Amino acid sequence: MIVNNDVKQITAAAASHSPLQLRAVDLNLLTVFDAVMQERNITRAARMLKMSQPAVSNAVSRLKVVFDDELFVRYGRGIMPTPRAVQLFSAVRQALQLVQNELPGADFDPASSDRVFNLCICSPLDNRLTSPIFNYVNRIAPNITMIFKSCLNKTTEHQLRYQSLDFIIGYEEFPQPDFSSIPLFRDEMVLVHNASHPRLKGPLRESDIFREAHAVVSLERYASFSLPWYDTAEKQAAIAYQGMALTSALNIVSQTELVAIAPRWLAESCASNLPIKILPLPMKLNSRTCYLSWYAPAGHNKGHQWMKEVVHSVCGR
């Protein structure tokens, strides 16, 4: 803990704008900062750290002096970080992880680990990838828990930063500098129609496709699979059905004269049970890359590195 003289030294340095020496700072404060940033609540952060609430509140007060910023402001029943706190979080998380990796016992053994990993495999890729990833991990690391979900939302980046979500597998790439992405594979896209459709017989042009009525994944859904093909009012006018899942759209297509754009692997899988046919997609956007994405500082964790390699290996097959 920092003694009174240390607090006075920090306060004096802040007041005079003189450089603050690292030896004057209790580095345990950084673990408190990390916990409070994750929980956005002093009580929950104290529970996570196995500290008393007054001790965490005191540490936050000292952090405000160290960084010459409020860092957290009250928001409802919790707290919100200031822009300065958000700016600091990535660097602090990365530094803590680098130190953690060098401590004795920091090696990751998947065979004995009971870690929980949270993955978002975006629809429709969840149909293809959830089972092989789950089964592979369950076979080689039976004590590890895998939790999956299949849709993105506006809080996804927040979930990655604060590690309530470890990885995203999807067709969207995260361009921000504090996120990392690697390509896993490239999916061919095709046009799907009812096997007895009266007009779709031969080679098509893009204009032919948009004269038909379309079934899509709802364009109102965050990061909708279908949105890239319906980016103008003219194209959106062709939409006759919007559903929450591409499999539902293909089922509707099999019973109507509607058409849908889908990955070839999904269309071929459905073709074994549904009366549908597949045509090449005569558009510039006739394929999409699947990416694995994560919050870059989390990538220094050895368990995180192991899971990244697992996903890359399974999806590569």
Side-chain angles (χ1 to χ4, degrees), residues 116-137 145-190 192 214-231 242-250 260-270 281 283-299 301 304-317:
V116 177
F117 287 96
N118 292 272
L119 280 74
C120 176
I121 307 182
C122 302
S123 180
L125 290 161
D126 57 326
N127 290 276
R128 180 181 185 183
L129 301 177
T130 302
S131 296
I133 293 173
F134 178 87
N135 291 336
Y136 181 83
V137 172
T145 299
M146 302 289 293
I147 299 176
F148 296 90
K149 66 177 186 176
S150 64
C151 60
L152 298 175
N153 58 47
K154 293 180 180 179
T155 69
T156 297
E157 290 183 15
H158 174 89
Q159 293 176 58
L160 282 174
R161 281 193 174 93
Y162 299 98
Q163 291 183 265
S164 58
L165 186 61
D166 296 297
F167 295 98
I168 292 176
I169 302 174
Y171 293 121
E172 304 294 330
E173 188 175 12
F174 289 79
Q176 296 88 333
D178 53 349
F179 289 92
S180 296
S181 296
I182 56 173
L184 295 175
F185 52 83
R186 195 165 184 83
D187 267 342
E188 178 190 359
M189 299 295 158
V190 296
V192 183
H214 288 232
V216 304
V217 176
S218 175
L219 303 191
E220 296 178 356
R221 188 169 184 178
Y222 188 81
S224 164
F225 166 82
S226 299
L227 184 59
W229 289 281
Y230 302 91
D231 56 352
Q242 298 195 50
M244 296 306 293
L246 191 53
T247 50
S248 297
L250 295 184
I261 296 170
R264 178 177 286 278
W265 59 264
L266 180 61
E268 290 178 345
S269 174
C270 291
L281 189 63
M283 297 183 187
K284 185 176 181 180
L285 183 62
N286 59 12
S287 66
R288 295 186 71 181
T289 300
C290 173
Y291 295 96
L292 174 65
S293 303
W294 65 93
Y295 182 52
N301 177 271
H304 197 279
Q305 293 168 3
W306 175 82
M307 181 55 69
K308 182 184 73 173
E309 293 304 316
V310 165
V311 172
H312 189 269
S313 173
V314 172
C315 294
R317 292 201 295 268

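Reckoned from all heavy atoms, side chains included, excluding hydrogens, waters and symmetry mates. Everything numeric in this text was worked out from a predicted model, so none of it was measured.
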Heavy-atom pair with the smallest gap, counting every atom of [X] and [Y]:
{"X": "Phe117", "Y": "Met307", "value": "CD1-CE, 3.6 Å"}
{"X": "Ala245", "Y": "Arg221", "value": "N-NH1, 4.2 Å"}
{"X": "Ser226", "Y": "Val217", "value": "OG-N, 2.9 Å"}
{"X": "Ala267", "Y": "Val190", "value": "CB-CG2, 4.0 Å"}
{"X": "Cys315", "Y": "Phe185", "value": "O-CD2, 3.8 Å"}
{"X": "Asp187", "Y": "Trp265", "value": "OD2-NE1, 3.0 Å"}

Spacing of [atom1] belonging to [X] relative to [atom2] belonging to [Y], to within rounding of 0.5 Å:
{"X": "Met189", "Y": "Leu266", "atom1": "CE", "atom2": "CG", "result": "9.5 Å"}
{"X": "Glu172", "Y": "Leu152", "atom1": "CD", "atom2": "CG", "result": "7.5 Å"}
{"X": "Ser123", "Y": "Arg128", "atom1": "OG", "atom2": "CZ", "result": "14.0 Å"}
{"X": "Ser287", "Y": "Arg264", "atom1": "OG", "atom2": "CZ", "result": "12.0 Å"}
{"X": "Ile169", "Y": "Ile133", "atom1": "CD1", "atom2": "CD1", "result": "4.0 Å"}
{"X": "Arg161", "Y": "Thr156", "atom1": "CZ", "atom2": "OG1", "result": "11.5 Å"}

Ignoring hydrogens and geometry, is there a side-chain-to-backbone donor-acceptor pair from [X] to [Y] under 3.5 Å?
{"X": "Asn127", "Y": "Pro124", "result": "yes"}
{"X": "Gln242", "Y": "Ala215", "result": "no"}
{"X": "Asp166", "Y": "Asn118", "result": "yes"}
{"X": "Arg288", "Y": "Pro263", "result": "no"}

Would you call [X] and [Y] a side-chain contact if the rule is heavy atoms closer than 4.5 Å?
{"X": "Thr289", "Y": "Glu173", "value": "no"}
{"X": "Phe148", "Y": "Asp126", "value": "no"}
{"X": "Val311", "Y": "Tyr136", "value": "no"}
{"X": "Thr130", "Y": "Met146", "value": "no"}
{"X": "Asp178", "Y": "Tyr295", "value": "yes"}
{"X": "Phe225", "Y": "Leu125", "value": "no"}
{"X": "Ile261", "Y": "Met283", "value": "yes"}
{"X": "Leu281", "Y": "Trp229", "value": "yes"}

Other residues, nucleotides, ligands: >12 heavy atoms within 6.0 Å of Phe134 CZ:
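Check fails, neighbour count at 12 or below.
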Angle class for the His214/Tyr230 ring planes (parallel below 30°, perpendicular above 60°, tilted otherwise)?
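The arrangement is perpendicular - the two ring planes meet at more than 60°.
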